[in-house]
Amino acid sequence: MKAIRRTAGVLAAALALALPTTATAGASTLEQKTYVWRGYLSAGECTMAPGTTWTLYSDGTARLDARVSSLGDEDAWLMWAHLKDAGGALLGDIRVYGSTSTKFVKNLHDRRTYRWIAKGQFDPDLFDLVKRMSLSKHC
C-alpha cells in the first residue's frame, strides 16, 4: 500500500509540473517599428498602392503588408527592402523569411489588385540602429 501511495504522489507531482503556468514575470513583448509609404510606387506597368507597410520586430522578423497591381498580364513585382541608420547609411537588407535571398517577388497574373503579405528577417542586432527604410523595385 505504501508503494502505491508513493507512486501516486510522484505521478501527481509530475502532472502538476507539466501544466502551463500563467505567471508573466519573465515574459517580454517584442518592440516594433512601422514604416508606411504614403504615395504610389511604380515600376514598368506595376504599381504599389499608398499604405504599403513594413513592420520590423526586435527579434529580427519583419512583415510586409501591401497592395500591388499591374496594367499588363503575367508581370511580377520585384522588391528589395533596405534598412538604414539615422544618417541614411545602409545597415543591411531584409531577407525573405527562411531564405538568404533579399528579393521579394509577387506574381501578378492579370489586371487585378493583389494583397501582398510577406514575412522577412534581418539581423536583430540592427533593430535599435534602424531609423529609415527604402525600397528598390522592378516589374
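Please read these numbers as outputs of a predicted model, since none were measured by experiment. Basis for what follows: all heavy atoms, side chains included, without hydrogens, waters or symmetry-related copies.
Although no hydrogens or angles enter the test, the distance criterion places a donor-acceptor pair under 3.5 Å between the side chain of R111 and the main chain of L71. Side-chain atoms of N107 never come within 3.5 Å of backbone atoms of H109 as a donor-acceptor pair (strictly under, hydrogens ignored). The backbone N or O of P50 sits nowhere less than 3.5 Å from a side-chain atom of T52 that would complete a donor-acceptor pair. Looking only at distances, no side-chain donor or acceptor of Q32 sits under 3.5 Å from a matching main-chain atom of T55. The closest donor-acceptor contact from the side chain of K33 to the backbone of V130 lies under 3.5 Å. One N or O on the side chain of S58 and one on the backbone of E31 form a donor-acceptor pair closer than 3.5 Å.
Two residues are said to be in side-chain contact when any heavy atoms from C-beta on lie closer than 4.5 Å; D59 and P124 fail this criterion. M48 places a side-chain heavy atom less than 4.5 Å from the side chain of W116. Annotation: side chain of K119 is not in contact with side chain of R63 (no heavy-atom distance under 4.5 Å). Residues L56 and F122 meet the side-chain proximity criterion, which asks for heavy atoms closer than 4.5 Å. Side-chain contact between T61 and Y97 is present, with at least one heavy-atom pair separated by less than 4.5 Å. Side chains of L129 and K84 form no contact here, defined as non-hydrogen atoms less than 4.5 Å apart. Inter-residue side-chain proximity for W54 and L135 is flagged as met; some heavy-atom pair is nearer than 4.5 Å. Counting heavy atoms from C-beta on, the side chains of F104 and I94 come closer than 4.5 Å.
Both L126 and V96 sit in one connected hydrophobic cluster of ILVMFWY residues. Membership requires side-chain heavy atoms under 4.5 Å apart, directly or through other members. Residues V68 and L41 share a hydrophobic cluster, clusters being chains of Ile/Leu/Val/Met/Phe/Trp/Tyr side chains in contact below 4.5 Å. Follow the hydrophobic side-chain contacts under 4.5 Å out from L91 and you reach L64 in the same cluster. Y114 and M79 fall within a single hydrophobic cluster, where Ile, Leu, Val, Met, Phe, Trp and Tyr side chains are chained together by heavy-atom contacts under 4.5 Å.
The line from CZ of R67 to OG1 of T53 is 10.5 Å long, rounded to the nearest 0.5 Å. For the atom pair CG (D110) and CG (D73), the distance works out to 6.5 Å, reported to the nearest 0.5 Å. Here the OH-NZ distance, from Y35 to K131, works out to 7.0 Å after rounding to the nearest 0.5 Å.
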(request) Evaluate the criterion side-chain contact (heavy atoms from CB on, under 4.5 Å) for residue pair L83 and M133; output intermediate values, then yes/no. (result) CA-CA 5 Å; L83 304 176; M133 283 190 69; 3.9 Å; yes

(message) For H138 and W77: C-alpha separation, side-chain torsions, deciding distance, then whether side-chain contact (heavy atoms from CB on, under 4.5 Å) applies.
(response) CA-CA 6 Å; H138 183 74; W77 183 272; over 6 Å; no

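The heavy-atom pair separating T102 from R95 by the smallest distance is CG2-CG, 3.9 Å. Summarising the geometry of S70 relative to G72, their closest heavy-atom pair is OG-N, 3.0 Å, with the distance given to 0.1 Å. When every heavy atom of L90 is checked against every heavy atom of H82, the shortest pair comes out as CD1-CB, 3.7 Å. Looking at every heavy atom in both residues, T113 comes nearest to S69 through OG1-CB, 3.8 Å.
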